[in-house]
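These notes are about the structure you will find just below.
Here is how names work: the chains are called A, B, and so on, in the same order as the sequence lines, proteins then strands, and each is numbered from 1. Just the heavy atoms: all of them, side chains too, but no hydrogens, waters or symmetry mates, feed the values below.
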2 protein chains.
Amino acid sequence: MNFLEERIVKDGVLKPGNIVKVDSFLNHQMDVALLDEIGREFHRRFADKQITKVLTIEASGIAIAYPVAREFGVPLLFAKKSKSANIGDDMYTAEVESFTHKNKNQVVVSKQFLNAGDRLLIIDDFLANGCALQGLIAIAESAGATVEGLGIAIEKGFQMGGKIIRDMGYHLESLAIIEGLDEETGKITFRAQEEQ
Amino acid sequence: MNFLEERIVKDGVLKPGNIVKVDSFLNHQMDVALLDEIGREFHRRFADKQITKVLTIEASGIAIAYPVAREFGVPLLFAKKSKSANIGDDMYTAEVESFTHKNKNQVVVSKQFLNAGDRLLIIDDFLANGCALQGLIAIAESAGATVEGLGIAIEKGFQMGGKIIRDMGYHLESLAIIEGLDEETGKITFRAQEEQ
């Protein structure tokens with residue numbers, strides 16, 4: 001197991017409905033040393049790309065993406081969720097259905113901060129149905145920017161998102177891919193991945 | 001001027017309604033090196049407090065608070081905004097009226113991550129009416145935690161929040177206090193503060 005898989009086993013809490021709560025260290029209370037290590041790991045995995053910007057989505061993507069942007073020495077840009085019907089034409093926008101919150105949002109990024117020269121690393125904390133990543137990819141495409149890669153802390157391997165994104169041809173790195181959650185035994189099964 | 005005041009003058013954009021947009025470097029697209037410097041500065045100003053946790057509020061507080069938590073070597077905890085009428089009794093909750101978004105939210109923190117032994121440094125990006133900080137203070141009080149200090153990147157000195165928080169007796173450090181915004185000339189006037 002890698003460092004994140006170990007931490008999930010140690011501190012993750014299984015809940016009904018195929019949910020593993022990592023809110024004690026990843027997405028409510030956060031262990032910054034762990035997040036810094038996540039940043040270094042994504043930097044290592046995408047070191048050969050000429051990344052100009054890290055793109056994420058509020059709110060829990062921000063703390064995962066911060067150390068990544070830091071390691072690459074590039075700006076961090078986060079897509080904002082907007083329920084407003086009135087989105088100015090100075091914004092790129094995409095509709096995203098949230099698995100976590102069971103609702104739809106418009107996500108927006110100012111056109112000022114994304115352009116055709118940008119080579120993006122898209123970062124988020126969880127990957128389930130892939131809708132958030134698809135929204136960010138759509139925004140990147142609207143700007144004419146290139147998506148050099150995507151980095152996810154925890155992928156739910158038994159949901160469709162990972163397959164969808166990989167089948168689209170993108171380079172997706174998920175530090176931990178959960179294949180199974182046994183609520184009775186508390187056992188979390190990770191997909192074996194090649195040493196990167 | 002300090003490093004943040006200089007950056008506001010250089011890259012801040014004045015908008016009608018006493019608004020200075022800093023979204024190119026602080027709260028939409030973010031300059032991580034600048035944020036790291038903010039983290040070091042808050043660490044310096046509160047170095048004598050035995051901080052056990054940094055508390056902030058989603059979403060744009062997170063990137064300001066991350067480097068602060070990093071410098072102190074403590075967990076980062078962010079209050080989540082919830083429109084849900086059903087908040088479980090496993091959450092501390094406070095109502096916050098947002099100046100930026102012109103709406104009210106319940107903000108919530110899991111009771112699991114805040115307790116009477118905690119000595120908090122509360123961090124946020126903007127201070128206007130003080131409602132967000134008051135909500136975080138109320139949550140801290142619900143937990144029996146101590147608020148050792150509050151750190152704000154940019155305070156609107158012509159609004160009530162700073163006075164309210166200081167009059168409550170709290171140690172509030174704002175890196176930049178904007179006293180005036182002249183839309184015609186583009187001039188931003190900062191409150192002179194003693195060298196910290």
Residue pair A/V20, A/I8: steps toward the side-chain contact (heavy atoms from CB on, under 4.5 Å) verdict: CA-CA 8 Å; A/V20 58; A/I8 294 166; 4.2 Å; yes
Step by step, work out the side-chain contact (heavy atoms from CB on, under 4.5 Å) result for B/F158 and B/N18. CA-CA 9 Å; B/F158 47 86; B/N18 277 333; 3.7 Å; yes
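Within a 6.0 Å radius of CG in A/D89, other residues, nucleotides and ligands contribute 12 heavy atoms or fewer.
Counting only N and O atoms by type, the side chains of B/H171 and B/E173 include a donor and acceptor under 3.5 Å apart. Of the N and O atoms on the side chains of A/T52 and A/D118, at least one donor lies less than 3.5 Å from an acceptor on the other residue. The closest side-chain donor-acceptor pair between B/T93 and B/Q106 falls under 3.5 angstrom.
Residues B/L14 and B/I178 are members of one and the same hydrophobic cluster, defined by side-chain heavy-atom contacts under 4.5 angstrom among Ile, Leu, Val, Met, Phe, Trp and Tyr. In this structure, B/I154 is a member of the same hydrophobic cluster as B/L175, with clusters built from ILVMFWY side-chain heavy atoms closer than 4.5 Å.
Among residues 25-40 of chain A, the residues having any heavy atom closer than 4.5 Å to a heavy atom of chain B are, in sequence order, A/N27, A/H28, A/Q29, A/M30, A/V32, A/L35, A/D36. Scanning residues 62-74 of chain A against chain B with a 4.5 Å heavy-atom cutoff picks out A/I62, A/A63, A/Y66, A/P67, A/A69, A/R70, A/V74, ordered by number.
Ranked by heavy-atom pairs under 4.5 Å with chain A, the first of B/L77, B/L114, B/V109 is B/L77. For chain B, the option among A/A79, A/A59, A/S60 with the highest count of heavy-atom pairs below 4.5 Å is A/A59.
Remark: B/K10 does not engage B/E6 in a salt bridge, criterion side-chain N to carboxylate O under 4.0 Å. Under 4.0 Å is where a charged nitrogen must lie from a carboxylate oxygen, and between A/K80 and A/E58 no such pair does.
Looking at B/V54, there are no atoms closer than 4.5 Å to chain A (heavy atoms on both sides), in backbone or side chain.
Summarising the geometry of B/R166 relative to B/S174, their closest heavy-atom pair is NH2-OG, 3.7 Å, with the distance given to 0.1 Å.
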